[in-house]
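Counting begins at 1 with the first residue of the sequence.
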Amino acid sequence: MNKKIITTQNTIFEQIKEIDENGNEFWGARKLSKILEYSEFRHFLPVIERAKEACLNSEHPVEDHFEDYLEEISFGKGAKKEMESVKLSRFACYLIVQNADPSKEVVAQGQTYFAIQTRLQEIQQMDDYTRLSSEEEKRLFLRNELKKHNSNLAEA
């Protein structure tokens, strides 16, 4: 599987990203397992468990980043079936590629991709903050960021 992962905006990871009914991005664990070249989903489950442990150890609520759900899987001749999977946040995907099989080139590329995406989001947020001129604007900015975070937390 020789896929370009990092060079374009439309990466393989962005191609499998989905948006839920609340406008939140997520990745289906079954699709991600295929991208990361796991032959069977059951071989990918220990990676998810290690990522959950890393999430917990970094003091992030696991339920904010890993949500069990039924993913619709297509089979030959148009057949479809719902199978157990996990909705993964961007942070969960980052933890998964950090805990996946490091001998796979696609895992190394995924580690780079999610690290870069995380850093780009941090830079964008800091740029938005530093453009503000008054302390009042900065205070309101931080307040709104906290409000968004709390709203997402409440939805989860």
Side-chain angles (χ1 to χ4, degrees), residues 1-126 128 144-156:
M1 184 181 279
N2 188 9
K3 296 180 178 164
K4 293 241 181 209
I5 294 183
I6 298 170
T7 56
T8 67
Q9 185 76 346
N10 196 19
T11 67
I12 192 70
F13 295 108
E14 291 297 318
Q15 289 173 20
I16 65 166
K17 176 177 74 177
E18 298 180 54
I19 305 294
D20 69 14
E21 61 279 353
N22 298 316
N24 300 312
E25 66 181 15
F26 74 93
W27 286 259
R30 285 183 178 276
K31 290 178 185 174
L32 184 61
S33 73
K34 294 293 183 205
I35 296 303
L36 295 178
E37 299 175 354
Y38 282 82
S39 59
E40 295 182 35
F41 187 64
R42 65 187 172 98
H43 298 305
F44 190 62
L45 292 174
V47 178
I48 294 172
E49 291 307 312
R50 286 192 302 273
K52 285 180 178 181
E53 185 176 340
C55 186
L56 188 63
N57 290 340
S58 65
E59 299 182 0
H60 289 267
V62 171
E63 58 276 3
D64 287 356
H65 302 284
F66 299 84
E67 178 187 341
D68 294 335
Y69 83 116
L70 294 175
E71 185 174 354
E72 190 173 87
I73 306 297
S74 297
F75 294 95
K77 297 186 180 182
K80 294 182 181 190
K81 181 179 180 181
E82 287 189 337
M83 300 184 79
E84 290 181 5
S85 188
V86 183
K87 282 185 181 181
L88 306 166
S89 70
R90 186 177 294 272
F91 181 63
C93 290
Y94 172 77
L95 293 174
I96 283 172
V97 296
Q98 294 301 323
N99 285 282
D101 183 349
S103 68
K104 297 177 181 182
E105 181 183 347
V106 70
V107 170
Q109 291 174 343
Q111 290 170 344
T112 302
Y113 168 78
F114 283 105
I116 288 170
Q117 290 301 310
T118 300
R119 184 67 183 133
L120 288 174
Q121 286 182 335
E122 290 171 351
I123 290 169
Q124 176 64 46
Q125 192 173 30
M126 280 308 297
D128 292 346
N144 284 332
E145 287 299 311
L146 185 58
K147 186 177 174 182
K148 280 189 247 177
H149 174 75
N150 286 339
S151 176
N152 288 339
L153 185 60
E155 287 176 8

Side chains of F13 and L32: does their closest heavy-atom pair fall under 4.5 Å? yes
Are the side chains of I19 and N24 in touch, meaning some heavy atoms are under 4.5 Å apart? no
Nearest 0.5 Å, please: how far is CD1 in I73 from NZ in K81? 10.0 Å
Would you say the side chain of K80 lies within less than 4.5 Å of the side chain of F75, judging by non-hydrogen atoms? no
Is there a side-chain contact between K87 and W27, using heavy atoms and a 4.5 Å cut-off? no
Charged N to carboxylate O below 4.0 Å: is that the case for K17 and E25? yes
Which value, rounded to the nearest 0.5 Å, describes the distance between Q15 atom CD and I35 atom CD1? 8.0 Å
Show, in sequence, the C-alpha distance, side-chain angles and deciding distance for D64 and F91, and conclude whether the side-chain contact (heavy atoms from CB on, under 4.5 Å) test is met. CA-CA 10 Å; D64 287 356; F91 181 63; over 6 Å; no
For the student: nearest non-hydrogen atoms of H65 and C55, plus distance: CD2-SG, 3.8 Å
Evaluate the side-chain proximity of Q117 to Y94: yes if any heavy-atom separation is below 4.5 Å, no if none is. no
Under the rule for side chain to side chain contact (heavy atoms under 4.5 Å, CB included), what residues qualify as partners of E40, not counting sequence neighbours? R42, H43
Residues at least two apart in sequence or cross-chain that pass side chain to side chain contact (heavy atoms under 4.5 Å, CB included) with V97, listed by chain then number, are L36, Q111, F114
Closest heavy-atom pair, A51 versus L95, reported as atoms and distance to 0.1 Å, is O-CD1, 3.6 Å
For I48 and I96, the nearest pair of non-hydrogen atoms, with its separation, is CG1-CD1, 4.1 Å
Quick one: are L70 and E84 in side-chain contact, heavy atoms under 4.5 Å? yes
Got a sec, which residues hit side chain to side chain contact (heavy atoms under 4.5 Å, CB included) with E18, two or more places apart in sequence or on another chain? F26, K31, Y69
List the atom of T11, the atom of Y113, and the distance in Å for their closest heavy-atom pair. OG1-CE1, 3.6 Å
To the nearest 0.5 Å, how far apart are CD in Q109 and CD in E105? 4.5 Å
Using 30° and 60° as the class limits, which term best fits the ring planes of F44 and F41: parallel, tilted or perpendicular? tilted
Kindly indicate, with the supporting measurements, whether the criterion salt bridge (Lys or Arg N to Asp or Glu O under 4.0 Å) is fulfilled by K52 and E49. CA-CA 5 Å; K52 285 180 178 181; E49 291 307 312; 3.7 Å; yes
Please determine which of E71, E67, R30 meets the side chain to side chain donor-acceptor pair (under 3.5 Å) test together with S85. E71
